[in-house]
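See below for the structure under consideration.
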Amino acid sequence: MSEPNAETRILHAIRAIPRGQVAGYGEVARRAGLPGRARLVARILGQNEDPDLPWHRVLRSDGRIAFPEGSRGWREQSQRLRAEGVRVEKGRVRGLKAARDLDEVLWGPSR
DNA sequence: GAAATGACAGACC
DNA sequence: GGGTCTGCCATTT
């Protein structure tokens, strides 16, 4: 019981994202202690069934939604982000860079 | 057991 | 800003 499973840690990292904030897959994976497992994060999100999981706050490193533009998930995610005050333009999300800056302040400079 | 697939990331042009 | 290529990891066929 040294440490929880990777899936648990990833889910925890995602749930730790503050409202109105966004994070990239690699970012989440790194925070979960699994650098390079961005793909694992994506798989977890695709298999997750937790309605309380802020999956819509997870974006690609480019700051773009991981879904194809016009897709159901794409629309839902963009709408949810907008509802949280996140600026979304054609699948492009503004604030990821700024969020990164705040990241070190909010989550802790220990990195 | 190898090849293909996927809600990815970083480097390069 | 945008397109291409490679690397990585886990699951599925």
Side-chain angles (χ1 to χ4, degrees):
Chain A
M1 58 97 215
S2 328
E3 42 198 73
N5 296 333
E7 185 175 331
T8 306
R9 292 205 300 223
I10 291 174
L11 289 173
H12 185 65
I14 296 174
R15 289 198 186 101
I17 303 176
R19 185 181 171 283
Q21 269 270 352
V22 291
Y25 288 85
E27 207 70 20
V28 173
R30 193 179 300 182
R31 272 201 45 77
L34 304 164
R37 268 102 174 138
R39 245 146 165 175
L40 183 61
V41 177
R43 200 186 68 79
I44 299 298
L45 285 178
Q47 294 288 300
N48 88 313
E49 296 180 353
D50 195 335
D52 292 322
L53 187 73
W55 59 271
H56 54 272
R57 289 178 196 153
V58 185
L59 310 169
R60 285 179 47 169
S61 59
D62 305 3
R64 275 209 264 192
I65 296 178
F67 288 106
E69 186 175 332
S71 188
R72 184 87 152 67
W74 182 91
R75 257 185 306 182
E76 182 154 349
Q77 184 164 13
S78 55
Q79 197 163 357
R80 281 193 174 203
L81 288 174
R82 281 185 195 171
E84 293 194 351
V86 180
R87 183 105 107 107
V88 183
E89 279 278 331
K90 286 201 302 197
R92 243 207 267 13
V93 178
R94 289 276 305 240
L96 186 66
K97 195 167 183 280
R100 275 222 170 165
D101 249 2
L102 292 170
D103 204 29
E104 297 183 8
V105 183
L106 291 170
W107 303 70
S110 53
R111 201 218 311 191

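The sequence lines fix the lettering, A, B, ..., with proteins before strands; numbering per chain opens at 1.
- Between A/Trp55 atom CH2 and B/dC8 atom P there is a gap of 13 Å when expressed in whole angstrom units.
- The CD1-P distance, from A/Ile14 to B/dC8, rounds to 13 Å in whole Å.
- When atom types are taken as modelled, the side chain of A/Gln77 and the backbone of A/Val58 share a donor-acceptor pair closer than 3.5 angstrom.
- Annotation: salt bridge (charged side-chain N to carboxylate O under 4.0 Å, His left out) contacts involving residues 16-26 of chain A, sequence neighbours excluded, are absent.
- Applying the side chain to side chain donor-acceptor pair (under 3.5 Å) test to every pair with at least one member in residues 53-62 of chain A, sequence neighbours left out, gives these pairs: A/His56-A/Arg80, A/His56-A/Glu84, A/Arg57-A/Glu84.
- Atoms CG (A/Leu34) and P (B/dC8) sit 17 Å apart, rounded to a whole Å.
- In this structure, A/Ile10 atom CD1 and B/dA7 atom P are separated by 15 Å, rounded to whole Å.
- Applying the side chain to side chain donor-acceptor pair (under 3.5 Å) criterion to A/Arg72, with sequence neighbours excluded, gives A/Glu76.
- Listed by chain and number, the residues in a side chain to side chain donor-acceptor pair (under 3.5 Å) with A/Arg75 amount to none (sequence neighbours excluded).
- Within residues 38-53 of chain A, the residues that place at least one heavy atom under 4.0 Å from DNA chain C are, in residue-number order, A/Arg39, A/Leu40, A/Arg43.
- Judged as a side chain to side chain donor-acceptor pair (under 3.5 Å), and not counting sequence neighbours, A/Arg37 has no contacts.
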Let me have the donor-acceptor pairs involving side chains of residues 44-53 of chain A, under 3.5 Å, with sequence neighbours excluded, atom names and distances please.
residue: A/Asp50; atom: OD1; partner: A/Asp52; partner atom: N; Å: 2.8
residue: A/Asp50; atom: OD2; partner: A/Arg15; partner atom: NH2; Å: 2.7

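- Contact annotation: side chain of A/Tyr25 to base of B/dA7, donor-acceptor pair present below 3.5 Å.
- Note that the first and last nucleotides of DNA chain C, 5' to 3', having any atom under 4.0 angstrom from a heavy atom of chain A are C/dG1 to C/dT11.
- Annotation: C/dG7 and B/dA7 have their P atoms spaced 22 Å apart (nearest Å).
- Applying the side-chain contact (heavy atoms from CB on, under 4.5 Å) criterion to A/Ala83, with sequence neighbours excluded, gives no partner residue.
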